[in-house]
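Side chains included, hydrogens not; waters and symmetry mates left out as well; all remaining heavy atoms used.
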Amino acid sequence: MKRVRLALVFCFAASGAQADSLVEHDYLLNCAGCHQLNGSGSVTVPSLHGISGLSDTSGTRVYLIRVPGVAQAPLSDERLAALMNWLLERFTGRAPIPRYTAKEVSQLRKNPLLDPRAERARLSPAPISDSSER
Ligand code: HEC
């Protein structure tokens with residue numbers, strides 16, 4: 001696992017992208033292995049660009065933290081809140097209003113979704129997006 005992570009760091013550096021902020025580093029180490037550096041996902045992992053198609057509701061806000069890959073990320077509540085604020089800004093064009101706080105994230109991540117795809121379908125009738133659609 002360490003080797004994979006290191007390879008990702010080199011990959012990221014080689015791509016010329018800036019890995020200087022802590023939040024990007026957290027994305028790189030904890031999310032990019034599945035969602036890819038550019039968020040495009042794979043056949044089995046949804047593209048993060050698809051979250052811009054979700055309605056701007058409290059249900060979506062809760063869903064995004066309860067998705068297992070988010071809820072169970074090995075990051076503190078503070079770092080996860082910062083990561084999700086950054087992630088939403090990056091993939092939907094605007095940060096959540098209000099921004100996630102450590103306190104909110106701490107509460108929501110206690111209940112990871114058992115069936116995230118069913119919850120996703122409930123929030124948006126559009127099919128979950130994956131890289132085959134881009
Ligand atoms: C082991 C692979 C894996 C890792 C690591 C992972 N995810 Fe995911 N992610 C998935 C899969 C698969 C889904 C689809 C829902 C499910 O089956 O859990 C998903 C769904 C999501 C969604 C919802 C997308 C949508 O359109 O509904 C978001 C947001 C998300 N992940 C963010 C993250 C973030 C942020 C991290 C890092 C902290 C992360 N994921 C780490 C595999 C992963």
Side-chain angles (χ1 to χ4, degrees):
M1 187 60 196
K2 218 166 200 163
R3 193 164 288 177
V4 172
R5 289 185 169 191
L6 266 181
L8 275 169
V9 172
F10 286 129
C11 221
F12 197 66
S15 75
Q18 298 289 312
D20 49 4
S21 82
L22 183 61
V23 82
E24 287 178 32
H25 198 250
D26 283 344
Y27 175 80
L28 179 66
L29 293 185
N30 297 284
C31 320
C34 289
H35 287 284
Q36 310 299 322
L37 292 177
N38 64 4
S40 65
S42 68
V43 177
T44 52
V45 178
S47 163
L48 292 175
H49 296 274
I51 60 177
S52 59
L54 285 170
S55 52
D56 190 6
T57 61
S58 57
T60 296
R61 186 176 176 92
V62 168
Y63 162 76
L64 290 172
I65 305 299
R66 291 183 65 209
V67 159
V70 175
Q72 295 168 349
L75 291 168
S76 67
D77 297 335
E78 287 77 15
R79 298 257 293 263
L80 189 57
L83 174 60
M84 292 309 287
N85 288 326
W86 170 85
L87 188 119
L88 262 86
E89 190 160 11
R90 174 168 170 195
F91 292 106
T92 71
R94 83 186 169 84
I97 303 170
R99 294 169 75 81
Y100 285 111
T101 62
K103 195 172 165 208
E104 180 181 10
V105 164
S106 164
Q107 285 301 316
L108 296 177
R109 74 190 303 194
K110 284 184 185 139
N111 293 305
L113 289 165
L114 297 177
D115 190 350
R117 294 201 179 227
E119 179 65 9
R120 175 58 150 94
R122 208 176 60 77
L123 289 171
S124 163
I128 197 161
S129 140
D130 64 43
S131 60
S132 64
E133 290 162 24
R134 324 219 124 237

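Looking at residues two or more places apart in sequence or on another chain, you find a ring-ring contact (aromatic ring centres under 6.0 Å, His included) between Tyr27 and Trp86. With sequence neighbours left out, Ser76 forms a side chain to side chain contact (heavy atoms under 4.5 Å, CB included) with Glu78, Arg79. Considering only residues two or more places apart in sequence or on other chains, Gln107 meets the side chain to side chain contact (heavy atoms under 4.5 Å, CB included) condition with Lys110.
Considering CG of Asn38 and OG of Ser47, their distance stands at 8.0 Å, rounded to 0.5 Å. A distance of 7.5 Å separates CG in Leu83 from CG in Asn30, rounded to the nearest 0.5 Å. From Tyr63, atom OH reaches atom OG1 of Thr57 across 12.0 Å, with rounding to the nearest 0.5 Å. Rounding to the nearest 0.5 angstrom, the gap separating the CE atom in Met84 from the CG atom in Leu64 is 5.0 Å. How far CG of Asn111 is from CZ of Arg66: 5.5 Å, rounded to the nearest 0.5 Å. Within the model, atoms OH of Tyr100 and CG of Leu87 stand 9.5 Å from one another, a figure rounded to the nearest 0.5 Å.
Judged by distance alone, the side chain of Thr60 and the main-chain N or O of Ser55 form a donor-acceptor pair under 3.5 Å. One N or O on the side chain of Arg109 and one on the backbone of Ala73 form a donor-acceptor pair closer than 3.5 Å. In this structure a side-chain-to-backbone donor-acceptor pair under 3.5 Å is missing from His49 to Gly41.
The existence of a salt bridge linking Glu104 and Arg61 is confirmed by a sub-4.0 Å separation between a basic side-chain nitrogen and an acidic carboxylate oxygen.
The two residues Pro96 and Asn85 come nearest to each other via the heavy atoms CG-OD1, 3.1 Å. Leu80 and Val70 make their closest contact through CD2-O, 3.3 Å (heavy atoms, listed as atom of the first residue, atom of the second, distance). A pairwise comparison of heavy atoms in Gln36 and Ser42 identifies NE2-CB, 4.5 Å as the closest pair.
Put simply, the side chain of Leu88 does not reach to within 4.5 Å of the side chain of Arg99, judged on heavy atoms.
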